[in-house]
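The sequence lines fix the lettering, A, B, ..., with proteins before strands; numbering per chain opens at 1.
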Protein chains: 2
Amino acid sequence: MSTPARGAASGRQLPHPLPAEIRLEAVLHALADPIRLRIARELADGHVDMACIAFDLPVSKSTSTHHFKVLREAGVIRQHYVGTSRMSRLREEDLEAIFPGLLPAVLEGARRSPEAPDRA
Amino acid sequence: MSTPARGAASGRQLPHPLPAEIRLEAVLHALADPIRLRIARELADGHVDMACIAFDLPVSKSTSTHHFKVLREAGVIRQHYVGTSRMSRLREEDLEAIFPGLLPAVLEGARRSPEAPDRA
DNA sequence: CTCGTAGTTTGACAATCGCCGTACTACGAT
DNA sequence: ATCGTAGTACGGCGATTGTCAAACTACGAG
């Protein structure tokens with residue numbers, strides 16, 4: 001039948017690392033990319049939960065998916081489905097517990113830097 | 001004296017970015033590598049100035065040179081020659097002024113993490 | 001001057017990364 | 001049931017990265 005009954009509204013599950021599995025190198029690597037840093041900054045700036053589409057990123061859909069996946073697998077964001085949209089949120093509390101002060105420092109630094117100098 | 005007047009002890013010069021040129025992405029990228037993170041941690045742990053050879057890194061000489069260069073060009077460390085040895089030091093004050101709290105948070109995180117999970 | 005030590009440079013290689021387009025799946029609405 | 005929307009998965013491509021070995025330079029000691 002069409003409705004598989006196995007999913008419900010939260011049908012699709014997404015793998016997230018446990019706090020103990022979050023690696024510093026992975027977090028730093030995830031945030032070292034300009035686009036991912038921008039995503040993190042936008043998530044931090046007021047918006048608690050945002051759908052991927054809400055970000056106006058200068059890349060294709062597949063690349064977007066890729067960047068969100070890197071952030072999620074590094075433990076920087078948490079994602080869950082709402083309908084066909086995927087909501088993203090910073091794992092601020094988890095990260096604060098594991099690497100105190102790290103995320104705030106990065107985000108504050110990102111706010112000061114003019115986004116990116118000009119890589120054209 | 002046999003040594004000519006052209007060099008003195010600080011003969012070879014090394015390019016360092018000015019504080020204004022230090023980019024957050026570059027710093028994060030530099031510290032996202034396990035070996036470079038380890039270098040930074042060892043530099044922070046008590047040793048103010050260290051020669052490259054003082055680090056017992058599991059890589060070849062050329063790779064060492066490469067990693068130190070990445071750290072220097074990102075603005076994380078400052079280097080100067082003493083004889084044939086190159087001394088390295090963390091740019092803690094510069095970084096603190098540009099990205100307050102970032103370096104301490106990273107270093108503290110590096111101390112907690114068991115170096116590297118086990119990449120064998 | 002000669003030699004050894006410390007580090008650099010070059011060039012190569014495999015692996016990863018960021019990016020894209022296309023084809024596909026899941027959900028909601030009609 | 002059908003369609004549109006939101007996002008995923010699967011290659012594929014060019015650029016960057018981490019690694020090494022080999023040849024080289026710079027300094028200090030004897």
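Panel note: side chain B:H16, backbone B:L14; a donor-acceptor pair is recorded below 3.5 Å. When atom types are taken as modelled, the side chain of A:E96 and the backbone of A:G101 share a donor-acceptor pair closer than 3.5 angstrom.
Atom CD1 of B:I35 and atom C1' of D:dG18 are 8 Å apart (whole Å). Spacing between atom CD1 of A:I39 and atom P of C:dG18 amounts to 11 Å, rounded to whole angstrom units. The separation between B:Y81 atom OH and C:dA6 atom P is 13 Å, rounded to whole Å. Regarding A:L57, its CG atom lies at a distance of 14 Å from the P atom of C:dG18, rounded to whole Å. Distance B:H66 NE2 to C:dA12 P: 18 Å, rounded to the nearest Å. Rounded to an integer number of Å, the gap from B:R38 CZ to D:dG18 P is 16 Å. When the P atom of D:dG7 is taken as reference, atom CZ of A:F55 falls 10 Å away, rounded to whole Å. As rounded to whole Å, 14 Å separates atom P of D:dT16 from atom CG of A:D33.
Contact between A:F99 and B:G109 at its shortest, heavy atoms only, is CD2-CA, 3.7 Å.
Between A:M87 and B:V70, it is A:M87 whose nearest contact on DNA chain D lies nearer the 5' terminus. Of the residues near DNA chain C, A:R36 and A:T84, the one whose nearest nucleotide (by heavy atom distance) lies more toward the 5' end is A:R36.
No chain of hydrophobic side-chain contacts below 4.5 Å, direct or via other Ile, Leu, Val, Met, Phe, Trp or Tyr residues, connects A:L31 to A:V70.
Under the side-chain hydrogen bond (donor to acceptor under 3.5 Å, both in side chains) criterion, the residue pairs touching residues 27-36 of chain B are B:R36-B:H67, with sequence neighbours excluded.
Applying the side-chain contact (heavy atoms from CB on, under 4.5 Å) criterion to A:A51, with sequence neighbours excluded, gives A:I53, A:S85, A:M87.
Between B:H67 and D:dT19 there is a side-chain polar atom (N or O) within less than 4.0 angstrom of OP1 or OP2.
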Return the polar atom pairs (N/O with N/O) between nucleotides 20-22 of chain C and the protein under 3.5 Å, or none.
| unit_1 | atom_1 | unit_2 | atom_2 | d |
| --- | --- | --- | --- | --- |
| C:dC20 | OP2 | A:S60 | N | 2.7 |
| C:dC20 | OP2 | A:S60 | OG | 3.3 |
| C:dC20 | OP2 | A:T63 | OG1 | 3.0 |
| C:dG21 | N7 | A:S62 | OG | 3.1 |
| C:dG21 | O6 | A:S62 | OG | 2.9 |

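Remark: the A:T65 side chain and the A:S62 side chain contain no N/O donor-acceptor pair separated by less than 3.5 Å.
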